[in-house]
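Report on the following structure.
We count ligands from 1, going down the list as the structure has it; atoms in each ligand are counted the same way. Keep in mind that what you see is a predicted model, and the values were worked out from it rather than measured.
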Amino acid sequence: MHKVRVRFAPSPTGPLHIGGARSALFNYLYAVHQGGQLVLRIEDTDLERSKREYEEEIMTSLHWLGLSWDEGVDRGGPHSPYRQTERLSIYQDYVQELLDKDLAYPCFCTEEELEAEREALLAQGEMPRYSGKCRSLTEDERQAYQDSGHIPAIRFKVPENQVYVVHDLVRGQVTFESENEGDFIIMKSDGIPTYNFAVVIDDALMEITHVVRAEEHLANTPRQLMIYEALRFKRPEFAHISLILGEDRQKMSKRHGATSLIQYREMGYLPEALFNFLALLGWSPEGEEEILDHKQIADSFTLERVSRSPAVFDLDKLNWMNQQYVKRLDTQELNNRLQPFIAATAYAQQVEELSSEQLQWLMQAVRERLVCLKDIEQLLPIFFDEPKVEAEAGEVLSQPGVKQVLQTLSTHLPSTEDPDEYRQCIKAVVKELKLKAKDVFMPVRCALTGQVHGPDLHLIMAVWGLEETSRRLQKALERLED
Ligand code: GLU
């Protein structure tokens, strides 16, 4: 049996979207599972919209997600080049072959003529498709056009009354009739091939065995099958994966929030969480477990378990999943991942000045409260700003007995900065004053941080250290005197 070869073939006309990332991921997983190879091909034939920056950005996003490939623009391979604009002479040769076999013909119709034809068909309530006008030009007529400086596009002659059947590995058997296709352009007058033509030449020459791509390309498949047949190429297997919908069941778009992978990275989603989440958008493992690492997913990934129904992008689930992954990071790793996010805040310097122990406690304190790494922005002020007493906290502090709690605490402050010692000193107050734990913890929290909620108090105190903790305590007592 031939080794499985799949490809991801983005058009570099924008950043990598969630849908593209999911297609790339499914190809990657299939290759890894099958012990096959993945090719990254850049389909940049839309000269106006394609940009090298996007190409770089797409590759950076894919690497960030944790994908790698065996052949591609950045690493070469036996089927180089992997960028379509560098393969123009190859397409030219195959166009010539089709022309020579009378399976394609030059078309001299102008944009205006084609538009008028389209309008007329639409007005009659018919599907617009090319009339085939230039199919029947005589050699002399063609020559006359050429002589008067017209440069033709090349159209493929769609065979009549043919039925094309795809045994799609996800969608099952899909049938298309050639009646519904007009002769289509395979090479524009500027010598640039169209997608449906170039994709076939490349998939065939690059020995792709399985074309795994988005459902929106299912409608292009009959045209591609015609080219496979005309050039006597062996056709690959096809697997068209379902759309990704927003929670309102409409096709995922900017309206639904962030759509590019880079945006998720910037918000502080972990790549391993997104990898896991995207894998479950349209594929499901056999068991119930949803938190699965790279290896577990690749080990069980098959196209049979890819769903035919659309996948719904559930942001709450992604958030939950990201949180699970954040919680699993050890403090050192969490610190590494948080660094760029901390560096972007006003507290970068203060965090840098913490001792390694304080930094550890800071990490322990924030870990449970982060959904995304960027949430660190909201968590740092409590550690470094002077407390601004919020209304709810003010109410707690106005209760009788608060002063006594704070005074007693000041007599119990520990002599070491171990978080556990801070916990013990608060407990000592509980014991001495014979109060409920919450009637001590709450006023202390409100007095020292100005807020009713926040990370574990003993960890915050450990990050402050003794001097700062007792300074805050004194200040709080002074405020109570006023
Ligand atoms: N360049 C096409 C796209 O980005 C690839 C389609 C395919 O995989 O055949 O949609």
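Each of the following atoms of ligand 1 lies closer than 4.0 Å to a heavy atom of E43: 1 (N), 2 (C), 5 (C). Close contacts of ligand 1 with V199, meaning ligand atoms under 4.0 Å from a residue heavy atom, involve 9 (O). Atoms of ligand 1 lying under 4.0 Å from at least one heavy atom of S11, given by number and element, are 1 (N), 2 (C), 3 (C), 4 (O).
Partner of D183 under the salt bridge (Lys or Arg N to Asp or Glu O under 4.0 Å) criterion, out of K157, R155, R135: R135 alone.
Taking any N or O of A9, backbone or side chain, at least one lies under 3.5 Å from an N or O belonging to ligand 1.
Here the closest heavy-atom approach between residue H79 and residue L205 is recorded as ND1-O, 3.1 Å.
Counting only N and O atoms by type, the side chains of E117 and Y130 include no donor and acceptor under 3.5 Å apart.
Looking at E71 and R5, a side-chain N of the basic residue comes within less than 4.0 Å of a carboxylate O on the acidic one, giving a salt bridge. Salt bridge E272/R337: present, at least one basic N to carboxylate O contact under 4.0 Å. Using a 4.0 Å cut-off between charged nitrogen and carboxylate oxygen, R52 and E56 do not count as a salt-bridge pair.
The protein heavy-atom contact nearest to atom 10 (O) of ligand 1 is H217 NE2, 2.8 Å. In this structure, the protein non-hydrogen atom closest to atom 8 (O) of ligand 1 is R7 NH1, 2.8 Å. Protein heavy atom at the shortest distance from atom 9 (O) of ligand 1 is Y195 OH, 2.6 Å.
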